[in-house]
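Just so you know, these numbers come straight off a predicted model, no measurement behind them. As the structure lists them, so they are numbered: ligands from 1, and atoms in each ligand from 1.
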Amino acid sequence: MSELRRDPILGRWVIISSDRAGRPLDFRPARETWTGGGFCPFCAGNEYTTPSELLAYRPDGSPPDSPGWDLRVVPNKFPALRREGEPEQSGEILYQTMSGIGAHEVIIEAPGHDQTLASLPADSVERVLKAYASRLLDLKKDPRLEYVIVFKNHGPSAGATLEHTHSQLIALPIVPTRVLAEMEGALSHRQSTGECIFCDIIHRELRHGARIVADNEHFTVLCPFASPYAFETWILPKKHTPRFESSAEHFPALAAILSDLLRRINAVLGKPDYNFVIHTAPLHENNVDHYHWHLELIPKLNRVAGFEWGSSFFINPTPPEEAASFLREAGQEG
Ligand SMILES: [Zn+2]
Ligand SMILES: [Zn+2]
Ligand SMILES: [Zn+2]
């Protein structure tokens with residue numbers, strides 16, 4: 001069982017995972033390429049090697065945990081957090097802990113091993129977004145869970161341990177401090193101006209143009225003004241919406257612009273490893289109208305080194321205006 005521990009100085013929480021018990025040899029310098037070949041538990045035909053599926057899209061009506069699917073969601077075989085148990089919190093003031101209740105799931109985005117999210121057709125990408133929303137809504141029924149973070153690690157240097165295209169979600173019994181900080185920033189802007197800070201940013205960027213990468217009827221893609229990472233890019237819904245799962249009617253437009261962005265990044269940066277994360281309002285918080293969901297993406301280009309680690313202060317070697325200009329003018333590679 002994992003345990004959540006609160007940093008007594010900074011207030012942030014850490015998952016101390018005993019299930020994944022890392023021994024010294026597990027931390028040998030990471031190989032930056034796939035070991036390749038070998039058996040893939042996510043390939044069609046190998047369903048018996050994963051935990052039983054939680055959700056699958058099966059156009060042929062085939063039975064669970066068999067081939068015939070377009071997308072599957074399964075529990076992570078080596079979960080950081082588990083569903084079982086009660087959310088017990090220690091009463092200690094200095095060292096607060098909480099039992100490691102949560103969920104850790106894998107969204108297997110397509111049955112074929114050679115596909116990537118950037119190469120999938122638009123309707124398959126839309127299916128991936130639908131699966132995220134569907135799992136969010138299902139996990140929301142569990143009152144013990146406060147937040148679901150949906151993310152993708154693409155490539156070994158982005159932290160993916162399997163090559164087969166997939167994303168993940170981790171449901172948490174607390175709201176992560178990063179999201180709380182965004183919500184506090186948005187709330188203070190709302191209180192001083194009456195406006196949503198994300199809506200204000202979208203309007204300003206669209207007027208200005210220099211940091212816009214792409215744009216369609218429902219979404220804007222931009223390189224944020226003060227992004228810590230080179231080529232960091234955000235996708236924001238144009239209509240003010242606090243929750244990702246409330247944007248379902250616009251998932252076709254989101255799928256189109258996400259594919260577009262991934263292909264631009266592939267073309268400009270030579271198919272880099274990348275991470276993306278969806279920031280959405282907490283599951284059970286009602287007062288969230290000042291928040292505006294978005295997707296944040298970083299290609300794995302600069303490494304976090306001593307200065308960044310020690311100061312939470314970043315050096316971005318590519319001005320966001322230049323990154324946006326490269327991405328805007330790029331061709332597209334699947
Ligand atoms: Zn595979
Ligand atoms: Zn807004
Ligand atoms: Zn965010």
Side-chain angles (χ1 to χ4, degrees), residues 34-50 53 67 69-72 74 77 106-117 119-120 124 147-152 154-156 160-167 175-206 218-229 232-244 246-247 250 275-282 287-298 312 314 320:
W34 296 107
T35 42
F39 180 85
C40 174
F42 294 168
C43 270
N46 297 341
E47 295 78 10
Y48 63 95
T49 62
T50 67
E53 64 198 34
W69 47 278
D70 287 332
L71 175 148
R72 289 179 87 216
V74 299
K77 206 167 183 174
V106 181
I107 298 96
I108 308 169
E109 296 157 359
H113 194 82
D114 299 331
Q115 289 155 312
T116 64
L117 193 56
S119 72
L120 287 177
S124 304
Y147 201 81
V148 174
I149 193 128
V150 175
F151 61 98
K152 181 171 171 75
H154 173 83
T161 48
L162 286 167
E163 183 174 26
H164 195 119
T165 190
H166 68 284
S167 10
V175 181
T177 41
R178 171 71 190 279
V179 176
L180 287 177
E182 280 191 0
M183 293 190 67
E184 276 162 25
L187 183 61
S188 86
H189 186 83
R190 165 67 62 96
Q191 285 166 341
S192 57
T193 66
E195 307 290 336
C196 162
I197 193 164
F198 295 93
C199 288
D200 275 359
I201 288 171
I202 294 169
H203 295 146
R204 166 150 184 174
E205 293 296 339
L206 284 173
H218 299 295
F219 293 90
T220 302
V221 183
L222 54 85
C223 294
F225 173 68
S227 36
Y229 299 100
E232 174 172 344
T233 312
W234 293 7
I235 302 179
L236 298 123
K238 286 184 174 172
K239 187 177 156 214
H240 177 76
T241 318
R243 298 181 192 282
F244 165 79
S246 307
S247 282
H250 298 318
N275 300 109
F276 71 61
V277 63
I278 292 173
H279 281 155
T280 181
N287 245 341
V288 292
D289 195 52
H290 54 283
Y291 196 62
H292 188 130
W293 81 262
H294 54 277
L295 181 150
E296 297 187 12
L297 184 145
I298 48 166
S312 292
F314 285 73

To the Zn ion (ligand 3), the closest N, O or S atom belonging to E182 is OE2
State whether a side-chain donor-acceptor pair under 3.5 Å links E182 with H279. yes
Heteroatom of H292 nearest to the Zn ion (ligand 2) (N, O or S, atom name): ND1
Ignoring hydrogens and angles, tell me if any N or O in the side chain of K77 forms a donor-acceptor pair with the backbone of T49 under 3.5 Å. yes
Exceeds 12 heavy-atom contacts within 6.0 angstrom, atom CG of D200: yes
Any idea which N/O/S atom from H240 gets closest to the Zn ion (ligand 2)? ND1
What is the minimum heavy-atom distance between A186 and F198, and which atoms define it? CB-CE1, 4.2 Å
Atom name of the N, O or S atom in H164 that lies nearest to the Zn ion (ligand 1): ND1
The Zn ion (ligand 3) has as its nearest N, O or S atom from H279 the atom ND1
Does H292 use its side chain to pair, donor to acceptor, with the backbone of P237 at less than 3.5 Å? yes
Whether the E109 and T165 side chains hold a donor-acceptor pair (N or O, under 3.5 Å, no angle test) is what I'd like checked. yes
Atom of H113 nearest the Zn ion (ligand 1) (restricted to N/O/S, atom name only): ND1
With carbon and hydrogen excluded and only N/O/S kept, which atom of E296 is nearest the Zn ion (ligand 3)? OE2
